[in-house]
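For reference, the structure is listed below as structure tokens.
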Amino acid sequence: MRILIVEDEKSLASEIKEFLEKEDYNCDLAFTGNEASDLIGINPYDFVLLDIGLPDLNGLTLIKKAKEFDSEAYFIVITARGELEDKIKGFDLGADDYLPKPFSLLELKSRIQAITRRKFGQQSSIIQFGKFELDIIKKYLKYENHTVDLTKKEYKLLSYLILNKNRILDRLQLTEHIWGEFYEDDYDSNYIDVHIKNIRKKLSLFDEANYIKTIRGIGYKFESDL
Amino acid sequence: MKLPKLKLKSKLALFNALSKAIIVTALLFIVPWIVSEITIRETDNLLIQKLDRVTEMIDSLGIENYISRDNELKAFGSYNILKEEFISIEQISLDSLIDEIQFSQRIIDNELVDYRVLSYSLEKSGNNYLIEIGRSISTIIRFEEDMKRFAFLFLVIIIFITIILDLSFIQFLLNPFEKIVRKLKNTDHPTSFDYTEVQTSTSDFKYLDYTIHSLMHKIEDAFNNEREYISNVSHELLTPISIIQSKLDNILSDESLSDSDLLKIMDSKHTLGRLTKMVRTLLMMSRIENEEYLLIEKVGINNLVKNVAEEIEDKILVKELELKLILHSENIIINGNENLLFILLYNLVNNAIRYTQKGYIEIETSLENNKLVLSVSDTGLGISKENIAHIFSRFKNFTPHKDSFGLGLALAKKICDYHKIQIKVDSELEKGTCFTLVFP
């Protein structure tokens, strides 16, 4: 997978690059709209991460230009403005997803994966652990032939942990994934613990193994060799 | 603000009417006196003119024409039948000259008549003669009455005309002023001020209009600057926050970190998370102030309540509270911004949960006087009377709560104002709080 990161904040761009390269993506950097436009013209990208507030041209114009080049890249728009209008415009102009700043890099990765699954459909949608089967497209969890009854949030939480298996997910990352950017003014993530407790209880009905490991003070890790 | 009842226009008109009334009363006393003075003077002038003509005739025709030498009475008299006037000439033996006008009585045809009499002595052919010309008082009085009547009529007409003229002039004069007042009345927000200049030739009003315009511009600029400032600051803050967060994410993925380092980084992330929420909330508030949200979505109120209830369910469960929904049978549709309305209700319920340790939270929708009413009540801590006035202010927190920074209700109030929803709070300490929203 080849990704172009278009972000005028060099420091942020290089952090994203560092993270994505660890995840085995090939990344190019463009700090201005014109650089990005040139690169899109030359290279076939799978994804373009696009900061909408570029110094030289509006990010949305760049999407339009890219479409003119017949680029098949998927666009994930990043913005500090969080403007609804831009959000709508972004989707209209062919942006495939939208991330408000600040976002966690894991969330970015999960968005990329989601688009990949949706558009390429090449990965198997079923992930297995123990005798459990998680279908991330049909959104269910089964043990042998029994459906595990999970609430929407529990499902979301579990699948996020599984998709990032063997990696510590901190409470804030989990909160962000589940609740998104709610404008509540408290940042109490104890609720995550309650959900995890419930998930563990539901899984233990079928399988005694403890898949979700608590990392004290930080968060949780889904451990499995699958 | 309580306005006094009288307008400037009415005050001026009232003063105008009063001053006219005073003038009229004064004239009622003065006019008769003036008129009689004038009539006496006029009569005297008339008598003098007549005397001139009589002396002229005596000069040209000779005194004998009037008093013949054989006339024993040595006198001449003439009067008209109505006894309005008389002229008499008689020979007198007097040394001193007489030239006077006075009121006196004469007996004519055995009748006593009041006259204004001009007496004048004249020396002719060695003899002294006295000429007397009289005009009856009744004639004078009749003239005087006519004069008075005319004067009063004139007075009334003049006063009537001036009052009308004054009133229309005051109206005309104050018209620009009223326009300025109307402009101010129609301005409920610095950005909605109408900057069309008021046409006037009165420099004071021009100055007033100009001053109000320039002040309004200043207020509007200050207002816009503040909005822009908050909005820019929020934008500019989100990018550096994003950089720090990405760096922390990358550091966290380093497995060689010690546990204590991990905890420190988590702590930083936590702080950063609070900062993010705060900046986002401020940004949202400034965007509401900028009226960037459209209020055109149709939102079913019961659906909204159910969505919020679903979203917040886990918080209720964690605190072992009960969430009661009492919904109106009809899913009333309101116009607004669904996202904002969701945040409004979410914040109210979230706030209720935060300050409630046991009991229940109740969300009720109902119709009162044909208006949609939504209330969120709890059995929580309650708010003391002195604090109720400040609960919608930014950064006000009355109970220490480590994860809250007091923007939730300020945002809720902003969203209500933006949707023209009335928000009321009733609260009793230790019993609970009830927020009531009355939709327009």
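All values derive from a computational prediction rather than experimental measurement. Every chain is numbered from 1 and lettered A, B, ... according to where its sequence line falls, protein lines coming before strand lines.
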Across all chains, not counting sequence neighbours, the salt bridge (Lys or Arg N to Asp or Glu O under 4.0 Å) partners of B:E362 are none

Between B:D417 and the options B:K414, B:K413, B:H419, B:K420, the side-chain hydrogen bond (donor to acceptor under 3.5 Å, both in side chains) test singles out B:K413

Bottom line for B:E310: the part with an atom under 4.5 Å from chain A's heavy atoms is both

Checking heavy-atom separations under 4.5 Å from chain B, one finds in residues 29-36 of chain A none

NZ/NE/NH1/NH2 to OD/OE distance under 4.0 Å, A:D135 and A:K142: no

Greatest number of non-hydrogen atom pairs under 4.5 angstrom with chain B, of A:L106, A:V194, A:L105, falls to A:L105

With side-chain contact (heavy atoms from CB on, under 4.5 Å) as the test, would you mind laying out the steps for A:E223 and A:I212 before giving the verdict?
CA-CA 6 Å; A:E223 280 186 332; A:I212 305 170; over 6 Å; no

| said: Can a side-chain donor-acceptor contact be found between B:N307 and B:Y346 if the only test is distance below 3.5 angstrom? | reply: no

Is the charged tip of A:K165 near the ring of A:F222: under 6.0 Å from the six-membered ring centre and within 45° of its axis?
no

Honestly, the part of B:L252 sitting under 4.5 Å from a heavy atom of chain A is side chain

Salt bridge (charged side-chain N to carboxylate O under 4.0 Å, His left out) pairs touching residues 337-350 of chain B, sequence neighbours excluded, are none

Greatest number of non-hydrogen atom pairs under 4.5 angstrom with chain B, of A:K153, A:K152, A:H195, A:R216, falls to A:K153

Would you say B:K358 and B:T379 are linked by a side-chain donor-acceptor pair, where the criterion is simply a distance under 3.5 Å? no

Looking at A:K202 and A:D149, is there a salt bridge between them, counting it only when a charged N and a carboxylate O are closer than 4.0 Å?
no

Check your understanding: Run the side-chain contact (heavy atoms from CB on, under 4.5 Å) check on A:I76 and A:F47 step by step: do they pass?
Key -> CA-CA 7 Å; A:I76 296 179; A:F47 280 97; 4.3 Å; yes

- Salt bridge present between A:R2 and A:D46 (N-O < 4.0 angstrom): no

For residues 8-24 of chain A against chain B, heavy atoms under 4.5 Å, the residues are A:E9, A:S11, A:L12, A:E15, A:E18, A:F19, A:K22

